[in-house]
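Read the structure below first, then the notes.
Naming convention: chains lettered A, B, ... in sequence-line order (proteins, then strands); numbering from 1 in each chain.
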There are 2 protein chains.
Amino acid sequence: MDELWQNDGNPRGLPLKRASGKNQMVTMRDVAEDSGFSPATVSIVLNNAPLARYIAPATKKRIEEAAKKLGYRPNAMARFLRSKRSHTVGLVFFDITDPFCTPVMRGIENALYQSSYVPIFADAHNQRNRFERYLEMLLEHHVEALIVVANWLVVDIHVLADLSKRNIPAATIGWELPGDTVSSVMVDNETGGRMALEHLHQLGHRKIAFIRGPKMLIDSAPRWRGVQKFAHSVGLEIDPALVLQLPDSFDPNSGFEGGHRLTEELLQKKKKFTALMAFDDLTALGAIRALTKAGVKVPEHCSVTGFDDVAMSALSAPSLTTVRQPLEAMGTNAVNIVMEGIKAGLEKREWNSVRQKMNPELVIRDSTRDVAHSSTD
Amino acid sequence: MDELWQNDGNPRGLPLKRASGKNQMVTMRDVAEDSGFSPATVSIVLNNAPLARYIAPATKKRIEEAAKKLGYRPNAMARFLRSKRSHTVGLVFFDITDPFCTPVMRGIENALYQSSYVPIFADAHNQRNRFERYLEMLLEHHVEALIVVANWLVVDIHVLADLSKRNIPAATIGWELPGDTVSSVMVDNETGGRMALEHLHQLGHRKIAFIRGPKMLIDSAPRWRGVQKFAHSVGLEIDPALVLQLPDSFDPNSGFEGGHRLTEELLQKKKKFTALMAFDDLTALGAIRALTKAGVKVPEHCSVTGFDDVAMSALSAPSLTTVRQPLEAMGTNAVNIVMEGIKAGLEKREWNSVRQKMNPELVIRDSTRDVAHSSTD
DNA sequence: TGCCTGCATTGAAACGATTCAATGATGCGA
DNA sequence: TCGCATCATTGAATCGTTTCAATGCAGGCA
């Protein structure tokens with residue numbers, strides 16, 4: 001079975017050191033005794049501290065061998081206590097159930113792994129209390145930085161102000177806070193909104209229905225702004241009767257339901273439209289379901305676009321044309337930002353928070369089609 | 001906006017203690033000085049240690065007030081160093097990309113939260129080296145227990161043997177190891193396999209195609225066994241020409257592709273079947289896509305079943321009839337198991353690992369239908 | 001020879017909490 | 001009044017590392 005494993009470059013992996021004794025932990029003291037040097041020297045060698053440049057090569061070798069032989073593993077807690085570095089980052093999700101979160105998590109995890117940091121994971125379940133309780137726990141564990149993934153969340157600013165007071169760099173993904181203490185990484189929603197509409201317009205669609213995002217989501221307004229600006233720039237008229245808005249909701253998967261219901265409403269109006277631009281992918285999937293049920297074929301009779309490009313969108317039938325958020329990259333960037341902050345803190349430099357807007361990307365799949373080929377109904 | 005927050009019972013949440021000074025951490029010593037008692041007493045009071053029963057109520061009160069006033073927050077690292085308890089659990093996923101993982105994670109996170117434990121998150125990306133490196137890191141952080149979520153993974157047994165040597169209880173979800181050092185929580189695959197087929201059989205289907213799981217997955221064999229046993233018990237004949245098997249793969253989302261391709265193969269054989277039982281949901285979705293593309297309507301011409309009940313299954317069109325794994329409960333149970341182990345370790349009791357099989361549940365949706373109503377082709 | 005410099009190593013003091021044995025203080029029975 | 005529990009509190013050691021100041025030792029230079 002061995003050859004079935006994927007490989008990340010290091011063919012056999014690190015040999016997992018085996019504790020030589022039974023249950024006891026191997027401490028630095030043990031290494032010191034075994035190698036015949038003092039704990040101080042061992043520490044210097046094993047960490048390659050500045051003082052290590054004075055240590056005789058032979059000594060280094062003996063110590064390293066002893067460490068490997070005994071299966072020494074540094075005690076992260078003890079180390080922290082002295083050095084103030086926990087090598088730990090807090091990772092708070094507003095609701096892990098949102099398919100938006102998985103790729104972001106991938107990106108974050110991967111970037112942290114590169115820096116040998118370890119994430120402490122928290123899921124707020126959309127509950128403010130839980131969020132605050134977790135923050136408390138993360139502070140107790142002395143995370144060196146904090147990353148919050150949310151696309152909506154109301155938090156007193158002072159809660160996060162605590163962080164900056166303690167000099168803990170923080171970044172949010174998919175959401176931003178007033179003030180400049182907390183960094184943020186977001187997709188450029190306005191551009192994304194424009195892209196979707198531009199695509200439909202290029203396909204020749206003129207009668208377009210819209211399902212806007214809920215008011216509480218920070219993404220909703222700029223996306224709509226992108227739509228309006230583009231429509232204005234090409235002289236496209238938006239029929240207010242064809243514009244509906246999702247209600248506020250706490251369930252990240254409610255978009256499906258909402259899209260379904262609102263599309264039914266649209267259909268009842270008996271106003272013709274050849275394309276529908278949905279707020280996000282889930283909404284689009286709900287819309288497609290409603291259209292299909294009503295006998296309106298997608299994309300033959302009606303084109304539909306989503307937003308986000310969650311995993312599901314490639315698998316649905318028809319597969320969904322959507323505006324992709326570079327979720328994994330957003331995670332990576334957030335990590336890089338806070339890592340910069342940590343480094344600055346160590347070197348006692350000043351450091352300014354960052355607001356990053358990432359470019360979305362149009363992904364064309366099967367749910368949109370040239371209006372010329374659309375049959376009229 | 002305040003009222004938009006969902007509530008978890010504690011209406012205003014814990015008041016977030018504000019550090020009173022600027023940047024300095026508030027230590028136990030500070031609380032001691034402020035309240036006029038010794039650090040020892042403070043520790044005893046704040047932890048409600050056994051000795052606390054001797055402490056005068058007035059003292060307790062003064063100390064607690066001082067702690068709150070100063071915004072004292074215990075230092076988890078320092079505490080660990082003495083008490084050996086990190087209040088941390090390692091959480092390793094073989095591949096977070098698998099939709100299987102999200103609900104499991106929810107369950108685990110929630111259960112840990114109840115016990116005030118904090119998870120350290122790791123994603124192995126299907127790579128053995130990564131898995132081992134993470135294990136190393138988790139051990140350095142002295143996690144008190146380990147939970148591994150995988151539905152396949154080849155690991156030398158000695159890697160996890162290290163854990164039991166150090167008395168770290170471990171549990172796996174969706175996967176099990178030989179030997180009895182590691183606990184496991186799995187769905188009862190055999191029963192699940194039977195359920196799916198029984199459902200199709202009850203609907204009157206007799207010509208049934210099967211897409212079996214890849215050999216490398218531990219789930220594949222027992223599911224198939226359930227199928228065979230049921231078929232035998234009711235005298236249903238399984239046509240070998242209608243049985244295909246997914247190839248081994250590392251990509252948890254490859255099932256869709258695989259299901260799609262194998263279904264095309266099935267269709268080319270020109271052998272009639274009125275139902276298709278797929279290994280899991282993704283495979284089923286791929287199959288449905290292929291059927292639809294070939295003009296075979298689901299469920300009108302062909303019923304399809306999946307397995308797992310991942311989030312997507314309820315949203316696909318048609319929604320998928322499937323065998324549900326109680327993923328969240330599986331996460332919860334795994335946590336309870338290792339918590340038992342931790343407790344046993346503290347009390348120096350013996351403790352035996354547990355192998356749990358959970359009952360699956362048939363979820364009937366729109367992708368299956370009575371054969372009587374199926375039009376023949 | 002005496003002194004200084006650079007090299008190699010180490011002693012010992014933190015870091016912030018926990019915990020056990022020890023210390024006063026009090027009350028009570030003899 | 002003494003001795004002895006019981007109660008209330010605390011001093012001091014300890015956990016495993018890191019880090020700074022200190023030490024001993026060569027060799028080189030005056």
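Remark: A/Glu132 engages A/Arg128 in a salt bridge, criterion side-chain N to carboxylate O under 4.0 Å.
Between A/Thr41 and C/dT9 there is no side-chain polar atom (N or O) within less than 4.0 angstrom of OP1 or OP2. Phosphate contact (OP1/OP2 of D/dT18, side-chain N/O of A/Arg79, threshold under 4.0 Å): present. An OP1 or OP2 oxygen of C/dT9 is reached within less than 4.0 angstrom by a side-chain nitrogen or oxygen of A/Thr59. A sub-4.0 Å separation between OP1 or OP2 of C/dT18 and a side-chain N or O of B/Lys84 is absent.
Nucleotide D/dT19 holds its P atom 9 Å from the CD1 atom of A/Ile44, rounded to whole Å. Atom CG of A/Leu81 and atom P of C/dA13 are 17 Å apart (whole Å). The nearest whole Å value for the distance from the CG atom in B/Asp30 to the P atom in C/dG16 is 9 Å. Rounded to whole angstrom, the span from the CE atom of A/Met77 across to the P atom of C/dA14 amounts to 24 Å. Distance NE2 (B/His141) to P (D/dT17): 14 Å, rounded to an integer number of Å. Rounded to a whole Å, the CZ atom of B/Phe80 is 12 Å from the C1' atom of D/dT17. Protein atom CD1 of A/Ile55 is 8 Å distant from nucleotide atom P of C/dA8, rounded to whole Å. As a whole-Å value, the separation of A/Leu346 CG from D/dT18 P is 15 Å.
For B/Asn47, the side-chain atoms get nearest to C/dT18 when compared with the rest of D/dC7, C/dT18, D/dT17. Distance from the side chain of A/Tyr54 is smallest for C/dA8 among the nucleotides C/dC20, C/dG16, C/dA8. Out of D/dT18, D/dT10, D/dT17, the shortest distance to the side chain of B/Leu51 is found at D/dT10. The side chain of B/Ser38 lies closest to D/dT10 when the candidates are D/dT10, C/dG16, C/dA13. Closest to the side chain of B/Arg82, from the set C/dT18, D/dT17, D/dT9, is C/dT18.
Applying the side chain to side chain donor-acceptor pair (under 3.5 Å) test to residues at least two apart or on different chains, the pairs with a partner in residues 332-342 of chain A are A/Asn333-A/Gln356.
Residue-environment remark: CZ (B/Arg355) exceeds the threshold of 12 foreign heavy atoms within 6.0 Å.
Base contact: A/Ser43 has a heavy atom under 4.0 Å from a base atom. Base engagement by B/Ala40 is indicated by at least one non-hydrogen atom pair under 4.0 Å involving a base atom.
No side-chain heavy atom of B/Ile63 sits less than 4.5 Å from a side-chain heavy atom of B/Ile55.
Side-chain atoms of B/Arg133 and A/Ser116 include a donor-acceptor pair closer than 3.5 Å.
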